[in-house]
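Below you'll find the structure, written out as structure tokens, and then a few comments.
Order of the sequence lines sets the chain letters (A, B, ...), proteins ahead of strands, with each chain counted from 1. Not measured: the values here are computed from a predicted model.
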Protein chains: 2
Amino acid sequence: MTEDDGSMKFAPADAAPRRATAMDVARAAGVSRSAVSRAFSQTAYLDTDKRDHIRRIAAEMGYRPNALAAGLNRTRSNLVGIVAGDVGNLYDAQLLSRLVSGLTAAGKWPVVLDGSVGADRLVATDIFAYPLDAMIVRGGSVDPVMVDTCAKLHIPLVFLGCVVDAPAVDSIVCRNAEGMARIADLLLNRGRRRFAFLGGPAQWASQQQRLQGLCDALAQAGLQLIATESADFSHQGGAKVARRLLQDHDLDALVCANDAMAIGALGVARHDLGLNVPADLSITGFDDVDMASWPCFDLTTACNPVEETVAGVIELLEARLATPSAPSRRIQIDAHLVRRGTH
Amino acid sequence: MTEDDGSMKFAPADAAPRRATAMDVARAAGVSRSAVSRAFSQTAYLDTDKRDHIRRIAAEMGYRPNALAAGLNRTRSNLVGIVAGDVGNLYDAQLLSRLVSGLTAAGKWPVVLDGSVGADRLVATDIFAYPLDAMIVRGGSVDPVMVDTCAKLHIPLVFLGCVVDAPAVDSIVCRNAEGMARIADLLLNRGRRRFAFLGGPAQWASQQQRLQGLCDALAQAGLQLIATESADFSHQGGAKVARRLLQDHDLDALVCANDAMAIGALGVARHDLGLNVPADLSITGFDDVDMASWPCFDLTTACNPVEETVAGVIELLEARLATPSAPSRRIQIDAHLVRRGTH
DNA sequence: ACCCTATCTGCACACGTGTTCATAGTCACC
DNA sequence: GGTGACTATGAACACGTGTGCAGATAGGGT
């Protein structure tokens, strides 16, 4: 009865209107608040007529149980943080998109964070104020501050693209070295001998593994790289560095650390330098983004399968949530060769 | 004192460990829970020594105030839903990325939802269980169910790409017709007379406005379109339909509704059909995605500026949150011409 | 010495929900 | 009709936090 006084004050419709609560519905339906709560729970007893009545009134008022309030006495919030990679990068954009779909299908809500700001700033910022069920990090290198923070808050971490050795931290990586070895073998069998590598930023673990895989395969054939240069994984960066590489060295194989740079290199080689790809020069990428299959590029590359990766992330996530103290796991994904027209 | 009994039961360290709470910190620091709460509030009184002491212990224990619990008695959750567009589409991917950055900078946390599932399913699903501060929808057409649901829950809506006439629903759109008219004028001045339009799905408002802008500009010159076909805004779809258009008609200008399709058309025209662009045929896009400026495409297009659009969304959002009952607003963004090498 | 004020702190309530517990009601069966 | 079993429901508590209110402490002024 004292509640009535509170709800009668001035009918504040012009101020910010508030979301209907279970109490509001209970008053409108002439039942207790508990009954409203039970009307939205499958397990609780409630008379069918009463349940229908409550649900109809709730629908009219636009009531839905507030997940944040309910989450207080539940152990899961169903919120999962994603630190996105470089979304200007086509592969990362594709990955993010599929990851969002996969998490939604798994009943989790992805809160996406800008990965381009420093990870330390991300920690300083208040995303960890939210009780995330887990954190998925896409990136080339690992930030120890984030690992520590998540450990203290008991937030499971899944790393996507690099391996982290810490308790309750899982990771999923592509078999970069093996994939690159397949590319190297393909080019060696075709008779290529004068190789250069167009790599990405050195702090990316995948970049180093791809370089290593290439070097090892060449060493087995008694060869070594003529030149190695780094760009920023972007199309423009790849084009710029590829021009320098192709002008300074006499190459017959330019192996790139990802598709975007390979496509940039392809443009420079064909249009600016007038080289004949693949007759005089092989150019290869890595990842197999959508664009690699476009007829104007038709890029030979190694497929870093997005769907399989996302499925692996979801699997790691669910296993970790089911058994928080389980030992860390690492999933490795095979990168298979995609033979097209640039080798 | 009764609390002690509760906390002493078995020290359940092997089960799912729980996040430290203000009560835990209070016990460890020998102060009241209120003091801990105040230690993290700028406005509250607290002795400096005591505040430092509490914050140090909190840092050791990895304590942070739980935003969900705090959000219960606050009017904002700082969570904002984003219904993403088609992230396979390059423009939408770019837009999503910048939107995430912009929202983060504005102190909001974006919860990203898969826009490819039907909007009705999105409503049926339980994202609205969370008290979102607002919902940002990127898409070509408007789903009335979502508008109704958000209205009932008092969740402000911002539409990105189409205009919706409903209370407290804001929108931001590109001046599509004017942008397309600029392209048409450019092509007319260059002497083009035989135009075709390669459009997107009909339910997209922007698509219709772009078509309309083109038709009007042609009509002013006493011309009309020779042919109009639709694809799905994708590279592959654009390529396929462009081949048909170019084979069936004698054109000197192929105006595309977005860059992806224009680039697909460009590949078909040059490589498959051996046409000379721009000598014999003009091909134009719309949006000005990064790729349009790549030397291998060098696409003439109209710029649909991402930064400006995101800034507009943030502005609409903040204004709406400040004044929930304000009349609906519509921001229009100019699409300026980008002259490159395909006209 | 006393009082008033300014500063600090703890208690208690509110936020909105799920769930346990006890109780009222119903029905069947002896 | 009485008793037991069972169902349906409301009151109460818990989740973790911010904050109003009152009380306590200290310090200074008369």
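The separation between Tyr130(B) atom OH and dT17(C) atom P is 14 Å, rounded to whole Å. Residue Arg76(A) contributes atom CZ, which lies 17 Å from atom P of dG18(C) at whole-angstrom precision. Rounded to whole angstrom, the span from the CG atom of Leu153(B) across to the C1' atom of dG16(C) amounts to 15 Å. Summarising the geometry, the separation between CE on Met61(A) and P on dG16(C) is reported as 13 Å, rounded to the nearest angstrom. Atom NE2 of His53(B) and atom P of dC8(C) are 17 Å apart (whole Å).
Defining each end axis of the helix from dA1(C)-dT30(D) to dC30(C)-dG1(D) as the rotation carrying four pairs' C1' atoms onto the next four, with five pairs an end, the two axes are found to diverge by 60° to 10 degrees.
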Dump every N/O contact between nucleotides 17-23 of chain D and the protein below 3.5 Å, one line per pair.
{"unit_1": "dT17(D)", "atom_1": "OP1", "unit_2": "Tyr63(B)", "atom_2": "OH", "d": "3.1"}
{"unit_1": "dT17(D)", "atom_1": "OP1", "unit_2": "Asn66(B)", "atom_2": "N", "d": "3.2"}
{"unit_1": "dT17(D)", "atom_1": "OP2", "unit_2": "Ala22(B)", "atom_2": "N", "d": "2.5"}
{"unit_1": "dT17(D)", "atom_1": "O2", "unit_2": "Asn73(B)", "atom_2": "ND2", "d": "3.3"}
{"unit_1": "dG18(D)", "atom_1": "OP2", "unit_2": "Ser37(B)", "atom_2": "OG", "d": "2.6"}
{"unit_1": "dG18(D)", "atom_1": "O3'", "unit_2": "Arg74(B)", "atom_2": "NH2", "d": "3.3"}
{"unit_1": "dG18(D)", "atom_1": "O6", "unit_2": "Arg33(B)", "atom_2": "NH2", "d": "2.7"}

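Within the nucleic acid shown, Leu46(A) comes within 4.0 Å of sugar-phosphate atoms alone, with no base atom in reach, counting heavy atoms only.
For the pair Ser328(B) (side chain) and Val169(B) (backbone), a donor-acceptor distance under 3.5 Å is present. Checked by atom type and distance alone, the side chain of Ser77(B) pairs as donor or acceptor with a backbone atom of Leu79(B) at under 3.5 Å.
With sequence neighbours excluded, no residue forms a salt bridge (charged side-chain N to carboxylate O under 4.0 Å, His left out) with Arg33(B). Under the side-chain contact (heavy atoms from CB on, under 4.5 Å) criterion, Ile333(A) pairs with Ile172(A), Pro305(A), Glu308(A), Thr309(A), Ile331(A), sequence neighbours left out.
Here salt bridge (charged side-chain N to carboxylate O under 4.0 Å, His left out) pairs that include residues 52-63 of chain B, with residues two or more places apart or in two chains, number zero. Pairs passing the salt bridge (charged side-chain N to carboxylate O under 4.0 Å, His left out) check and including a residue from residues 97-109 of chain A, sequence neighbours excluded, read Arg98(A)-Glu307(A), Lys108(A)-Asp133(A). Sorted by first and then second residue, the ring-ring contact (aromatic ring centres under 6.0 Å, His included) pairs with a member in residues 134-160 of chain B form an empty list; sequence neighbours excluded. Applying the salt bridge (charged side-chain N to carboxylate O under 4.0 Å, His left out) test to every pair with at least one member in residues 313-326 of chain B, sequence neighbours left out, gives these pairs: Asp170(B)-Arg320(B), Glu315(B)-Arg329(B). Sorted by first then second residue, the ring-ring contact (aromatic ring centres under 6.0 Å, His included) pairs that include residues 56-83 of chain A, not counting sequence neighbours, are Phe40(A)-Tyr63(A).
Both Leu72(A) and Asp47(A) sit near DNA chain D, but only Asp47(A) has its closest nucleotide nearer the 5' end.
In this structure, Lys50(B) reaches the dT9(C) phosphate: one of its side-chain N or O atoms is under 4.0 Å from OP1 or OP2.
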